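Below is one structure, written out as structure tokens, with a few remarks after it.
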Amino acid sequence: MLQSEERLIEGCCKGDKLAQRNLYEIYSRKMFGVCLRYCNNREEAEEVLQEGLLKVFNKIGDFKKEGPLESWIKKIIINTALDLYRRNKNRQLETEWQENINESVEPLIELKAKELLQIIQTLPIGFRTVFNLYAIEGYNHAEIGNLLSISEGTSKSQYSRARQHLIKLIEKEKKAGDVISEPVNNFNIKSIPLNIS
């Protein structure tokens, strides 16, 4: 049986294996989904999840209870994914996107969450990282610039190109008939923030 959040935190602070296992059971699946958005494949996502949860167990005594435990854990997981991104110096943020995309003809498809994740994972790593931080996590471009050691303008540019690339990929999937237009959480491409100011 799962423990209350307070008892769970207390147990994890004491290094209680049952409490740690319960925390893992409660949050690992959702956090793995976060990892998949930032990583190139499942193996890399598993590595980030494992490293991130170890940080959670080691730092749980620092949790101030000023917000939900899940948000605190998610922040650690995202920072762990960004650490991996920064360690891999050979992965440069894409700075140019050559193809022209007509944004006035945006697709109006609604996607299943799994389908959207698969499409986002095909974005170049730089585009994907900025897109996730801005459109999904809610960071602003100045914060993204600080996190990734890039300028705010570069973050805006990367986001704009990521969005264009995503629209193009969705259009391609739609034409190929690979996208099932069955909505989940009422997501559609128009809900992706266009404003990059």
Side-chain angles (χ1 to χ4, degrees), residues 31-52 74-75 77-180 184 187-197:
M31 294 305 130
F32 185 65
V34 172
C35 294
L36 282 172
R37 290 202 319 264
Y38 288 91
C39 297
N40 289 319
N41 53 52
R42 292 185 69 85
E43 293 76 26
E44 194 174 86
E46 288 167 0
E47 176 186 334
V48 169
L49 179 66
Q50 184 176 34
E51 186 179 332
K74 184 177 180 184
K75 187 172 183 176
I77 296 295
I78 290 170
N79 285 332
T80 303
L82 295 177
D83 288 344
L84 177 67
Y85 175 81
R86 286 188 287 265
R87 282 194 305 261
N88 294 324
K89 293 294 184 187
N90 59 327
R91 291 182 184 162
Q92 297 293 324
L93 285 171
E94 301 291 332
T95 55
E96 293 190 6
W97 187 252
Q98 300 297 324
E99 298 180 38
N100 293 324
I101 296 168
N102 184 354
E103 282 199 46
S104 65
V105 188
E106 288 188 18
L108 302 176
I109 349 177
E110 294 183 334
L111 303 173
K112 288 184 176 179
K114 184 177 179 182
E115 294 164 341
L116 179 62
L117 175 61
Q118 289 171 343
I119 293 171
I120 289 172
Q121 284 181 308
T122 65
L123 290 172
I125 186 72
F127 290 174
R128 183 172 69 231
T129 302
V130 171
F131 179 85
N132 280 323
L133 290 170
Y134 183 80
I136 298 174
E137 308 301 345
Y139 287 88
N140 64 43
H141 290 292
E143 292 168 328
I144 294 168
N146 287 332
L147 285 169
L148 300 179
S149 301
I150 59 175
S151 72
E152 185 176 342
T154 299
S155 177
K156 289 178 181 181
S157 173
Q158 291 299 313
Y159 174 74
S160 177
R161 291 178 176 135
R163 188 175 184 276
Q164 291 172 351
H165 191 91
L166 187 60
I167 290 167
K168 182 178 183 216
L169 289 171
I170 290 171
E171 283 285 349
K172 184 178 176 182
E173 294 291 317
K174 184 180 178 186
K175 285 178 185 171
D178 294 337
V179 175
I180 302 168
V184 165
F187 177 87
N188 71 51
I189 194 68
K190 284 200 168 185
S191 70
I192 299 173
L194 177 58
N195 184 1
I196 58 170
S197 59

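In this text the structure is predicted, and so the values were computed from the model without any measurement.
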Flag if over 12 foreign heavy atoms under 6.0 Å of CD, Gln50: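 Open.
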Where is the tightest heavy-atom contact between [X] and [Y], given as atom of each residue plus distance?
X      : Y      : result
Ile77  : Val48  : O-CG1, 4.0 Å
Pro124 : His165 : CD-NE2, 3.9 Å
Ala162 : Leu123 : O-CD2, 3.9 Å
Tyr134 : Tyr159 : CD2-CE1, 3.4 Å
Ala45  : Leu36  : CB-CD2, 3.7 Å
Ser155 : Ile144 : OG-CG2, 3.3 Å

Point-to-point distance, once rounded to the nearest 0.5 Å, from [atom1] of [X] to [atom2] of [Y]:
X      : Y      : atom1 : atom2 : result
Glu44  : Ile125 : CD    : CD1   : 6.5 Å
Arg128 : Cys39  : CZ    : SG    : 7.5 Å
Tyr85  : Leu147 : OH    : CG    : 11.5 Å
Phe127 : Ser157 : CZ    : OG    : 7.5 Å
Ile167 : Arg163 : CD1   : CZ    : 4.5 Å
Glu46  : Glu51  : CD    : CD    : 14.0 Å

Listed partners of Asp83 passing side chain to side chain donor-acceptor pair (under 3.5 Å), at least two apart: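 With neighbours one apart ignored, the set is Lys55, Arg86.
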Side chain to side chain donor-acceptor pair (under 3.5 Å) against Thr122, all qualifying residues, sequence neighbours excluded: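 Scan of Thr122 (side chain to side chain donor-acceptor pair (under 3.5 Å), adjacent residues dropped) gives none.
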Intermediate values then yes/no, side-chain contact (heavy atoms from CB on, under 4.5 Å), Glu47 and Glu43: CA-CA 6 Å; Glu47 176 186 334; Glu43 293 76 26; over 6 Å; no
Qualifying residues under side chain to side chain contact (heavy atoms under 4.5 Å, CB included), relative to Asn146, sequence neighbours excluded: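 Expected list: none.
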Note, Val34 side chain near Ile136 side chain (heavy atom, < 4.5 Å):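 When only atoms from C-beta onward are counted, Ile136 and Val34 do not touch, as no gap falls below 4.5 Å.
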Minimum side-chain heavy-atom gap Leu82-Leu133 below 4.5 Å: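 Yes, their side chains come closer than 4.5 Å.
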